[in-house]
Amino acid sequence: MIQVSVFAYQQDSTSTEDELPSAEKITDTTQSSYLPNSLEDYNKAYYSLTRLNNPLGFPPNKFNLQTPQATLEHFVISCRNKNFKDAAYALNLNLMPNSITEKEAIDMAQKLYFVMDQRVAIDWHGLPDRPDGQVDIRTTTNQAVAGEPRRSVVFGETRIDDRDIIFRLQRVKYRDYGAFWLISANTVENTEELYQIYGPTFLDRHMPTWSQAKIGTVPLWKPVLTILLLIVSYLLGRVVILLIRKIAKSFDKPIILALSKRLGVPAAMATGVLFFYISLNNLISYSGAFSSTVYALLLAIVIASGTWFFMRILDFSMRYVAENKIGDVTSENSQESRQLFTYLSVARRILTFTVVIVGTSIIFSQFRSLEKLGVSMLASAGLATIILGIAAQSTLGNIIAGVQIALTKPARIGDTVIIDDRWGYVEDIRFTYMIVRTWDLRRLIVPLKTVISETFENLSITSPHSINEIELYVDYRVDVDKLRGKFKELLENSEEWDEEHPPMLQVTEMTEKSLKLRAICSARTGVIAWELHCKLREQMVAYIKELEEGIYLTRSRVELKEPHFKAENSQKPDK
């Protein structure tokens, strides 16, 4: 049991002037005898009682308990005025032992009010003010919409561990008296358990009187102590950073030093916020919706910090493996290394995405309003799912395509590819796109769906070995065998040639002006093959230019024919 003086310095979350009706309405002494209800239709919705509040007896007629709103108003205003005996008449004590005394019933009302003040935000506008428990709904024609009477109304909720505790008002009927509303017996039964968790803290009971001076509705000592706890939490975070770095230096290993630098800030943030959350929850008791929001927000920050901490460990571990356990992925011959690096890159992003989704889900679960929003969205998931699916189709398609790329391997990090006639290397594969580094150091951003669904060239998918062709245009009179021999000589003397493909020079086309020759060269990689083909083309052009003073270069021919009439015959003969 607690002393009534405890409530002298509690912030009353249920006493907002803009929402709560005046006390005069509750203390109206208008006679309201509990005779058989003349509105017989309403009797379809009530709980019949065989006994009613043994220690207190039947509620006096002066109390208005005819509607859910009136009953709760009576309870709150009576408690606010420290008249807990009158407030106890609004409780259904039928689940309490028959031996309960009047004093225990009064203390029960006091405890329930304290818990409601701490953890329940009452929506007064949403509480029905009709005996049948319905909310008036007007149509466009200003006519009330009829419905079935209600016998139970929810006015608040909180949580103990993983169990939801619902606060209800119920419409009851005792013997031949008319039906009226009480705070439900199940809600009253949970009061003691809730009070053990959300009851006054040690400081609430023992702070000196001078510290009870209020700033608005909050005692002065509460915001002052809150600021001090914030400062202590910040200092604790700094100590955690220094401690982590000191421990890392004692190992004298570069990997541990690097890990400590990445984990210091998230570890300090998680520790500081967790300390602030626990100390605030156990030392200072704020009230109503403010406390619920603050505690949920702090817990969400703790979860976010833990998620951040775990993501840093995951990211560092995978980067370390990629840099120290996997070979050089830039080499065209390291197919296994490139494949492992691709798997690691995709797995890292999938795990990161999963951790973020799980962390976000846990954070949202701390806010009951968001939880309700999620339930309501699921209730109308037909249209919402279609709209969301259409809106997220591209993003989700690219994420799924990333998994397909990891499994089917059309492209790997380090592969040489040609996309839209742009040649380059696969530099990275991310959640929704692939980065291709071109030869001129530009970056192509390619959606992963494009990689899966459209055609592109991968020069490294099976082997880095590459073949390039050289095209030459020469005059018809050229000796092709002589050019073929020269090309063979040049290729065999080139260090870049991998000897996988024999020297080859062929006439592939002829036009009205020239012959088109194609020479084939091969090398270990696509880059080397490109460089070799450029060098051989330059050497062959130089050879053709010097061969018989360049007479075999392409040229245009013009044939001049003798005219029909000569100049000397153009004069007229003399007569």
Side-chain angles (χ1 to χ4, degrees), residues 307-308 310-312 314-319 321-323 326-332 334-361 364 377 381 383-464 466 525-527 529-530:
T307 303
W308 186 21
F310 182 77
M311 286 174 59
R312 281 291 183 93
L314 179 66
D315 185 70
F316 179 85
S317 301
M318 291 199 168
R319 284 184 179 273
V321 172
E323 294 174 0
I326 297 179
D328 182 17
V329 297
T330 60
S331 172
E332 289 283 358
S334 57
Q335 293 188 42
E336 184 177 353
S337 297
R338 296 203 312 274
Q339 186 61 52
L340 289 175
F341 192 79
T342 302
Y343 282 145
L344 193 65
S345 178
V346 174
R348 170 171 162 259
R349 284 168 173 78
I350 291 175
L351 287 176
T352 302
F353 182 76
T354 304
V355 169
V356 171
I357 292 297
V358 171
T360 304
S361 301
F364 281 174
M377 288 180 65
L383 180 61
T385 302
I386 295 174
I387 295 174
L388 183 62
I390 295 174
Q393 181 181 10
S394 179
T395 301
L396 294 176
N398 282 315
I399 293 175
I400 294 173
V403 178
Q404 288 181 274
I405 288 174
L407 296 176
T408 58
K409 300 173 287 188
R412 299 161 298 187
I413 295 176
D415 280 0
T416 303
V417 296
I418 299 176
I419 297 179
D420 292 335
D421 296 328
R422 302 289 298 275
W423 179 92
Y425 294 104
V426 177
E427 190 172 60
D428 200 358
I429 299 176
R430 301 196 175 178
F431 280 118
T432 58
Y433 59 89
M434 182 172 70
I435 301 176
V436 177
R437 186 181 77 246
T438 61
W439 66 272
D440 54 358
L441 300 183
R442 301 190 184 199
R443 301 304 191 271
L444 292 180
I445 306 300
V446 184
L448 295 183
K449 285 203 305 183
T450 301
V451 178
I452 290 295
S453 60
E454 296 186 10
T455 303
F456 69 97
E457 294 185 52
N458 188 335
L459 306 182
S460 310
I461 191 167
T462 56
S463 170
S466 183
T525 67
V527 176
W530 171 263

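A salt bridge does not link R422 to D420: none of the charged nitrogens lies less than 4.0 Å from a carboxylate oxygen.
Taking a 6.0 Å sphere around CZ of F456, one finds it holds more than 12 heavy atoms contributed by other residues, nucleotides or ligands. Heavy atoms from other residues, nucleotides or ligands lying under 6.0 Å from CH2 of W308 number more than 12.
Checking each of I435, T416, T438, D415 against Y425 for a side chain to side chain contact (heavy atoms under 4.5 Å, CB included) leaves exactly one that passes, namely T416. The only member of I445, V451, L444 that meets side chain to side chain contact (heavy atoms under 4.5 Å, CB included) when paired with M434 is V451.
Evaluation of the side-chain contact (heavy atoms from CB on, under 4.5 Å) rule for E457 yields I418, L459 as partners, not counting sequence neighbours.
Nearest approach of A411 to V426, heavy atoms of both residues: CB-CG2, 4.4 Å.
With hydrogens and angles ignored, the 3.5 Å screen pairs a side-chain donor or acceptor of N458 with a backbone N or O of P410.
Atom-to-atom distance recorded for R443:CZ and D428:CG is 10.5 Å, nearest 0.5 angstrom.
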